[in-house]
Amino acid sequence: MSEGVRTTNEVAWQQAWNDGEIFASSDDPSKPKFYCLEMYPYPSGKMHMGHVRNYSIGDAVARYKRMKGFNVLYPMGFDSFGMPAENAAIAEGGHPHDITEKNMASITEQIKRMGFSYDWERLVKSHDPNYYKWNQLFFTRFFKSGLAYREHAPVNWCEPCSTVLANEQVKAGRCWRCNGPVEQKDMSQWFIDITKYAQELLDGLDIINFPESVRLMQEDWLGRSEGVEIEFGIENSEDTIRVFTTRPDTLFGATFLTLAPEHPLAEKLVKGTEYESEWKAIYDKYANMSEFDRIKNLNKKEGVSLGCFAIHPLTQEKIPIWAGNFVLATYGTGAVMAVPGHDERDFEFAQKYGIAIKRVLVENEDDDPSDALEQAFTGNGYMVNSNKSGFDGKFGDEAKDAVASALESIGKGDRQINWKIRPWLISRQRYWGTPIPIIHCDECGAVPVPEDQLPVVLPRDVEFTGKGNPLETSESFLNTTCPTCGKPARRETDTMDTFVDSSWYFLRYTDAKNLEKWYDSQAADYWMNVDFYCGGIEHAQMHLIYARFYTKALRDLGFHSIDEPFNELLCQGMVNKSAPFCVSCSVTLPVSNAGLPCPQCSEPLTERSAKMSKSLGNTVSPEQMIEKFGADTVRLFILFAANPTAGMDWSDVAVEANHRVILQLQTMPLQLLEWNKPAHDIDAWMLARLRQRHQQWSDDMDRYDLRRAVECSHYDLVKDINWYVRRGGGRAEVGREVLELWTHMIAIATPHLAEDWWSQLGGEGLLAAHILEEYAPVSEEDQALLDGETLLRDLLEQARKVRTVAERHIDGEATSLTIVTSAPWRYEMASMALNHLAEGNNIKAFMGILTKSELTQGEFRGERLGFWNKRLLPQVFKWDDEKKRILLSPLEETVVYANACAFIAEELGLESVQVVQGESQEDDTQKSGVAMPLSPAFIYA
RNA sequence: AUCGAGGUGGCUGAGGUGGUCAAAGGCGCCGGGCUUAAGAUCCGGUCCCAGAUGGGUUCGAGGGUUCAAAUCCCUCCCUCGAUACCA
C-alpha cells in the first residue's frame, strides 16, 4: 500500500458520529422534514442479512436526505414483546425481560457496527412500561368510545401457542407463528373494531404510495362487496331469513336457501321435528371444526334439509331451507340464497341433493332460455325466465339494479355493503405483552383502570411453566380493588397482541422521550407521515393494516391530525444464496449435500438460489463479513448487487470484488489532491461530467433506485477520472472540486470511507453533518463537451478495429492516420431523416421528401438517392437516442476530431493524425464514400 | 384451484410505439500491454463456427401475424407472492 493511503477505521468514525450527536434530530419547522423508517425488528439475538439489507437501504436514503438539507428523523427501536422470549423462558428458564434485554444489547451492538445513522436517543422498546403505558391509555380511550369491547364469540385458538389469534394471524388454517393447527373456541375476548374504518382504509390506498401487490393484498383483506340483503318469509312462521347476495340478478333462480349450521334460526326451525337429529349431527361436526380441517374438506359439500320452506319475496314460490357446511356463520347474515344455475357451490350442492337447477341468465342475448345448464354460469348475463315483467332482457348492473329496486319497493330488501375484515381480536393469553388495563368487578363489570393509575405493570412474580397464562400465577397482580366501587376485584389477565405495539411506534418516535404524554400532537403532526418506510412484504396485511387503522382511530380521538401513517412503502427483496438442488425431484437441499448425489433419486445435484435459512444452512453471518471486509464493503455489495425490491443472491466473489473497489477508492483522495498539472481543455469536460453524474445520481436517489445511484458514485466516476487523466487533465482545482462533491456521493453507501476522504480534504467537521450545496445542472455547453468526448471515445474504438486490417494491407506498421468525416450533405440528409421520424412520420414517406429536396437535384441525384436507400436508411434505425441527439446538435464531428489530433496520435502510437471533411477541397483521399456521419473513414499509412 | 407479479447471455440490468438486437451499461471471468510489483491503469475477448468487415443459433416453450418480433396475438410450461367455499 502506498504511503498516505488510509485504511478506514470504521469504529472510530462511528464513535465520532456518536460523540458529535450528528444524527440526533429535533423538531425544526423552518426546514423541510423527512421521516425515514424501517420496520423495527424483533430482538432475536443476532442481526441477519435481511436486517443488513433493510437498514442499508434505509440508511442510504436517510443520509441522502440529510445531505440534501432535510431535517431527517431516522429512528430505531425494538418490537420487544412477543412469544419467542416467553417461550425461551419456558424452555431454558430465566425471565422474558432478561432474555429480551440481553438480545437487544447484542443486536444493538451489531447494528451499530454497520454505521447506520440512527437517532438512538429516540429508541423505542415495546416492553418498556413508558411505552406500553400508552398502549393501555389508548385502549381505555377506545373502550370509552366503544371502539374496544369484550365479546363472547367463537375465536381462533392455537394450542401450541396456547393463545387466541386474530383473523389476520391465521394463515391457511394455521398459526402464523408456529404453523400449528387453529381450532374454533367460544371465549370471551377483547376486540377492537377495525371494521368501522374499513371504507376509509380502502379509500386511503389510493392516496398513498404502496407497491401494487401490497395495495391488492389490503384490498382483498378488506374485502368490500356491494349487494343486497334480501328478506325471505318462512312458511307458517313469523320469522324471516335475511340473506346477503352480490347477485340479486339471479334471485329468480333461487331454488333453496342455505343456512350455516350455526345459524340461530336453524336450531329453532328443526326443534322437535324429525329433522332435528340430522341438523344436530352436522352442527356438531362443523361448529367446532378447526379451520385447518375445514379447509382440508373444502369442496366436500354437505348439508341437511331443515324440512321447512321459505317464501320467495318476488314470486311467492315455496323454496326449501337447508343447512350446509359451506355457509359461514360469520360472513354476511350467515345465510345464502342458493342459485345453483349461477353459482358453482350451489350447483354442486343441488346436484348432490337433487334440488332443481334453474336458468335465469343467458350468456348471449339471443340464447335459448330453455337450454339446460351443464355447469353453473357465473358471469354476467341477460335475465330470462323471471315470469314477471320488467326483468327479462336486462343485463349486469342494470339487472341487479332492477331486482334490488323491486325488493326495496316492497320492503323486502336493502342495498348493503359487506366487508370481509372482522373486528381485531387483541386478547392474548400470554405473559409477555401489554396487560389489558381492565378490572373485573362483580358489581360494576369490566372497569377500565383510571388513567392516573397507568401503567399496569407486568409483575415479575410469575411462573413460566408452559401451561396456562403465567399472569394467573401472580396473586399480587390478580388481586386489586374496583376503581368504581372499591370492592375487591380481579385484574384482566389477557395481554395485548404484539401488533398493538407496532401499530403506533412510529408516532412515539416523533416524541420518544416524553414521559408525560404518549407524544406531543404537534411533534407528531410535524414529523408525520413517514416519508419512506422500508421493510419486508410479510407485513402487508397485518402490521401495515393495523398501523393505518390505529393512525386513523387516534386521529379521531384527537391525538394528532394525520390520516395515513406511511406515504411511500418499499418492500425490499430477499437475500438468497445458492444451495444444492435436484432438478428431477424439484427440491432444494441443505448445503451439506453439495457434491453428493440426490438422497432421493441419486441424480447429480445442481445449484439454485434459495432464501437464506438455517435449515438449508446457506446463511452468511454479517458479523463475519464485517470482520473480514468492513461494514462499507458489505453495504456497497448489498446496494450494488441488485435493485432494492428485487431478490439478491449472495456471492462471495462479488463481495470480494466490491472490497477491491473500496481499496481502490481509498487511494483516490491522495491521487486527486496531488494533481498539479496546468489548465487544459479537458478540465471543463471533467466538471461537466461531474455535474452530469451528480444529476444522474440525485435522480436515482430520488427514485430510490439505489443500485444505479451506487453504480454512478462508486463505479462510473472512477472511470470518468481515469479518462480525464488520460486526456491530459490533472489540475489541482478540478481535483478538489471533484473530490468535494464526490465525497458526498459515496457517503450514502460507504459513509466511513467518505469521512476519511472528507478529513483528507480538510473538510469542516464531520461529513455526515455537512449539507451539500445546490449544485449546478448540466448546461448546454456542458452537454456539447460531453458529446464531444463521447465521439472521441467511439472514434478511438473504431480506429483501433480498422487498424489491424489496414496494417495487413500496407504491409507494415502504420505511422500516420487520416480521418475522413462524412461529406456535409450526408449530415444534412441524416438530420432531415431524423427530424422526419421524430415528428412521428413513416420512414417510407421520406423518399418522397428526399426526391423533392435540394439535396437530390442535379448531377448528384442518383448517387444521393442510392446512398439513402443502401446506407443511410438502415443506419437511421441503428443510432441510439444519444447519437441521434448528437447528430441533431450543432456539434461538428470534424472539429471535435481535429482538436484532438495530438491525443489520438498518442493513443494510437502514431506520428501524425489529420482530419479532413469528405468531399472538401482538402480531401484528396477518394475515401469519403465510406464515411458515414459519426463513423468516419480511416486511412492508415 | 383462483388472483397478482414475473421469466432477457455466468450474474446484474436496459430495451419492449415491431426494423442494425447477438441484444446497452455494469459486475465477474479470460488473454494481452504497461509495470520491480500491484488490488491501479490501458487494450482485446467473453452463445457457437469462422477469422479482413462472414455464417449459424439465441431473449421460458410452441404456434401465429408481418417483408421484418426479445418487442404484437394465442396456447402451454416454470418461478415467486397472495388467497382459501366471503355468497
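Each chain gets a letter, A, B and so on, in the order the sequences are listed, and its residues count up from 1. Just so it is clear, the model here is predicted, and its values are computed rather than measured.
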Could you list the residues that satisfy side-chain contact (heavy atoms from CB on, under 4.5 Å) with [X], not counting sequence neighbours?
| X | answer |
| --- | --- |
| Ser613(A) | Ser615(A), Leu616(A), Asn618(A) |
| Gln692(A) | Arg689(A), Gln696(A), Val778(A), Leu786(A) |
| Asn179(A) | Arg174(A) |
| Val718(A) | Gln664(A), Leu665(A), Asn722(A), Trp742(A) |

Quickly work out the [X] [atom1] to [N] [atom2] distance and round it to whole Å.
| X | N | atom1 | atom2 | value |
| --- | --- | --- | --- | --- |
| Glu907(A) | C34(B) | CD | P | 16 Å |
| Trp176(A) | A84(B) | CH2 | P | 16 Å |
| Asn658(A) | C11(B) | CG | C1' | 13 Å |
| Asp699(A) | A14(B) | CG | P | 16 Å |
| Lys577(A) | C11(B) | NZ | P | 17 Å |
| Glu906(A) | U41(B) | CD | P | 18 Å |
| Met648(A) | G26(B) | CE | C1' | 16 Å |
| Leu792(A) | C42(B) | CG | C1' | 15 Å |

Reckon [X] touches a base, only the sugar-phosphate, or nothing at all at heavy-atom distances under 4.0 Å?
| X | answer |
| --- | --- |
| Arg215(A) | nothing |
| Ala338(A) | nothing |
| Lys611(A) | nothing |
| Val214(A) | nothing |
| Thr245(A) | sugar-phosphate |
| Asn643(A) | sugar-phosphate |
| Ala654(A) | nothing |

Watson-Crick/G-U partner (both atom distances under 3.5 Å) of [N]:
| N | result |
| --- | --- |
| C47(B) | G56(B) |
| A1(B) | U83(B) |
| G6(B) | C78(B) |
| U65(B) | none |
| C11(B) | G26(B) |
| U20(B) | none |

Quick check on [N]: is either OP1 or OP2 less than 4.0 Å from any side-chain nitrogen or oxygen of [X]?
| X | N | answer |
| --- | --- | --- |
| Gln664(A) | U41(B) | yes |
| Arg345(A) | A84(B) | no |
| Asn325(A) | C85(B) | no |
| Ser225(A) | A87(B) | yes |
| Asn418(A) | C86(B) | no |

Check: protein-nucleotides 80-83 of chain B nitrogen or oxygen pairs below 3.5 Å:
residue	atom	partner	partner atom	Å
A82(B)	O3'	Gln541(A)	NE2	3.1
U83(B)	OP1	Lys171(A)	NZ	3.1
U83(B)	OP1	Gln541(A)	NE2	2.8

Within-4.5 Å side-chain heavy-atom neighbours: Phe232(A) and Pro313(A):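 A side-chain contact under 4.5 Å exists here.
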4.5 Å side-chain heavy-atom contact, Phe347(A) and Val339(A):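 When only atoms from C-beta onward are counted, Val339(A) and Phe347(A) do not touch, as no gap falls below 4.5 Å.
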Backbone of Thr750(A) reached by a side-chain donor or acceptor of Arg635(A) within 3.5 Å: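 Pair absent, no side-chain N/O of Arg635(A) close to backbone of Thr750(A).
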Aromatic ring proximity, centroids under 6.0 angstrom, Phe637(A) and Phe629(A):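 No: the rings miss the under 6.0 Å criterion.
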Pair Tyr353(A) and Phe256(A), ring centroids less than 6.0 Å apart: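 That pair fails the under 6.0 Å test.
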With rounding to the closest Å, how many angstrom separate the [atom1] atoms on [N] and [M]?
| N | M | atom1 | value |
| --- | --- | --- | --- |
| A69(B) | U57(B) | P | 13 Å |
| G55(B) | G7(B) | C1' | 30 Å |
| C11(B) | A61(B) | P | 15 Å |
| G56(B) | U71(B) | C1' | 22 Å |
| A70(B) | A82(B) | P | 35 Å |
| G13(B) | G26(B) | C1' | 8 Å |
| A40(B) | C49(B) | P | 30 Å |
| A50(B) | U66(B) | C1' | 32 Å |

Closest approach to the side chain of [X], judged atom by atom: which nucleotide of [options] is it?
| X | options | value |
| --- | --- | --- |
| Phe244(A) | U41(B), A87(B), G13(B) | A87(B) |
| Leu328(A) | C86(B), C42(B), U12(B) | C86(B) |
| Leu216(A) | G39(B), A87(B), G4(B) | G4(B) |
| Ala657(A) | U41(B), G13(B), C27(B) | C27(B) |

RNA chain B: 5'-proximal contact among Arg726(A) and Ala646(A) (nearest heavy atom):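 Looking at RNA chain B, the more 5' nearest nucleotide goes with Ala646(A).
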5'-most by nearest nucleotide on RNA chain B - Ser213(A) or Val653(A):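 Result: Ser213(A).
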Atom CD of Gln375(A) with >12 non-hydrogen neighbours under 6.0 angstrom: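 Incorrect, the count does not exceed 12.
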Side chain to side chain donor-acceptor pair (under 3.5 Å) partners of Trp723(A), counting only residues at least two apart: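 Partners of Trp723(A) by the side chain to side chain donor-acceptor pair (under 3.5 Å) criterion, ordered by chain and then number, come out as Glu789(A).
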Positions of residues 704-716 of chain A (non-hydrogen atom under 4.0 Å from RNA chain B), listed by number: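 Correct list: Arg707(A), Glu711(A), Tyr715(A).
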Residues in ring-ring contact (aromatic ring centres under 6.0 Å, His included) contact with Tyr331(A), at least two apart in sequence or another chain: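 Applying ring-ring contact (aromatic ring centres under 6.0 Å, His included) to Tyr331(A) gives none.
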Selection residues 324-336 of chain A - residue pairs positive for salt bridge (Lys or Arg N to Asp or Glu O under 4.0 Å), sequence neighbours left out: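 Sorted result for residues 324-336 of chain A: empty, none.
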